[in-house]
Protein chains: 2
Amino acid sequence: MNKPIQQRTLKTRARLVAAAQEIIKEVGHEALRTEEVVKRAKVAKGTFFAHFPDKDALLDLLIGEELNSCVDGLAELPPPASVEALVAQLMPLLDLMSRSRMVFDVIVRYSGAAAIEEVGPIAENFGKQLDLFIRWFDPLGNHPFRRDISPELMGEGVQAFVIQAIALNFCNLHNDVDMTKRLTQYLRAWLLPPT
Amino acid sequence: MNKPIQQRTLKTRARLVAAAQEIIKEVGHEALRTEEVVKRAKVAKGTFFAHFPDKDALLDLLIGEELNSCVDGLAELPPPASVEALVAQLMPLLDLMSRSRMVFDVIVRYSGAAAIEEVGPIAENFGKQLDLFIRWFDPLGNHPFRRDISPELMGEGVQAFVIQAIALNFCNLHNDVDMTKRLTQYLRAWLLPPT
DNA sequence: CTCCAAAATTGACTACGGTCATATTTACAT
DNA sequence: ATGTAAATATGACCGTAGTCAATTTTGGAG
């Protein structure tokens, strides 16, 4: 019933977010500086940290939004009819997650509900991904995937392998062709019933 | 043939490492400060960074060593005869990797050969883990696991699921009983042929 | 309208990782 | 021994995330 949330707060927060988005568009996530954010948002340093516990929380929010629109896009597609189709459909997500080492690190760190408390935007998005996978792997659906384990478990495995594939991709100068191949190999072994 | 490596270098490096190990034993990885390391090692700040590219490289080394003695211990065990036995054998590794959020983050970041160049101690250890798994999953061996995919692929999957299980464990106040259960569930679905 | 307590904002300040020009030490040739 | 070039060490300095006591703004009670 109480309404302790002020109009001013929303405005300030929106300015901070807008400034950050602008900066990221210009110089990328890696070069984001809180000083630059507050300068453009025309607020003091302390104000930033009154709105976000730390810089990573802002990145959680921004990257979470990007992930959301990406997953929303996926949700409109029909359930994939093969591992190859699945991997192809996931490519936009893969591209986003592997855009830069820093983005990937933030995603990995926050995908598991980061802090002990508080589920952030990225963690929420991973829940959303899971819902989507559960639909795609519905045992009642017409797909070639295994039916001996729950679709939820299948989805969690897909997430684990996506992260693994991207992580290995950041290594030995593998390019994304190899990432796709590797993920396909993982998911064939994970999702297909042995012939 | 050239011998450009000085005795002094080794001494200094050893002192830095020893100081860091001492500090970590006292206050944990999270509270490690380079300033404290150089103070105890009786060297200047700059010397630290002449020996390690950054603080994380030192952690890579130290955590890598811990992982190595852990995996060496695992290597003396006989191949596990069930998923439950496998998970039980892996527990020391799981405990080490999930000791703290920071340790886990460093491991995840460096497990995939961190930088584009240079394979560090943690990445090397993950290779060693893989060798061990390949032995355990030898298709010629007497074990209940699937034989339709390469043991290497099986091992990579185990690594992916271990990371997934730990990551989720850092979330929703799940304790390690749940981590064990979750990993068992993953590995049953990953390693066992459908009945 | 006036006053007040809570909410929001401020910016100087701290902590700490990392840099770099300079100084010192080492190894070796002569 | 002496000179000297390369390797190593130094510490003042910098950049940036994050803190906090003090200040300003807000919305509402009387």
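Please read these numbers as outputs of a predicted model, since none were measured by experiment. In what follows, chains carry the letters A, B, and so on, assigned in the order in which the sequence lines appear, proteins first and then strands, with residues in each chain numbered from 1.
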Value in whole Å for how far the C1' atom of dT9(C) lies from CZ of Arg8(A): 7 Å

Where at least one partner belongs to residues 41-56 of chain B, residue pairs that pass side-chain hydrogen bond (donor to acceptor under 3.5 Å, both in side chains), sequence neighbours excluded: Glu35(B)-Lys45(B)

Test side-chain hydrogen bond (donor to acceptor under 3.5 Å, both in side chains) applied to Arg146(B) - qualifying residues, sequence neighbours left out: Asp148(B)

Integer-rounded Å distance: dG17(C) P and Glu30(B) CD: 13 Å

Residue list, side-chain hydrogen bond (donor to acceptor under 3.5 Å, both in side chains) with Gln129(B), at least two apart or on another chain: Asn125(B), Gln159(B)

Of residues 12-29 of chain A, the positions that come close to DNA chain D - non-hydrogen atoms, cut-off under 4.0 Å: none

Contact list for DNA chain C against residues 48-59 of chain B - heavy-atom distance below 4.0 Å: Phe49(B), Asp54(B), Lys55(B)

Contacts of Ala14(B) that satisfy side chain to side chain contact (heavy atoms under 4.5 Å, CB included) - sequence neighbours left out: none

Pairs flagged by ring-ring contact (aromatic ring centres under 6.0 Å, His included) wherever residues 66-94 of chain A is involved - sequence neighbours left out: none

Contacts of type side-chain hydrogen bond (donor to acceptor under 3.5 Å, both in side chains), residue Glu26(B), not counting sequence neighbours: Arg40(B)

Integer-rounded Å distance: dA7(D) C1' and Leu10(B) CG: 14 Å

side-chain hydrogen bond (donor to acceptor under 3.5 Å, both in side chains) partners for Glu84(A), two or more places apart: Arg188(A)

Non-neighbouring partners of Leu10(A) that pass side chain to side chain contact (heavy atoms under 4.5 Å, CB included), sequence neighbours left out: Ile5(A), Gln7(A)

Pair Lys128(B)-Asp72(B), side chain to side chain contact (heavy atoms under 4.5 Å, CB included): steps then yes or no: CA-CA 9 Å; Lys128(B) 208 162 157 180; Asp72(B) 286 344; 3.1 Å; yes

Pairing residues for His29(A) by the side chain to side chain contact (heavy atoms under 4.5 Å, CB included) criterion, not counting sequence neighbours: Ile24(A), Leu59(A), Ile63(A), Glu66(A), Arg99(A), Met102(A), Val103(A)

Neighbours of DNA chain C within residues 31-47 of chain A, by heavy-atom distance under 4.0 Å: Val43(A), Ala44(A), Lys45(A), Gly46(A), Thr47(A)

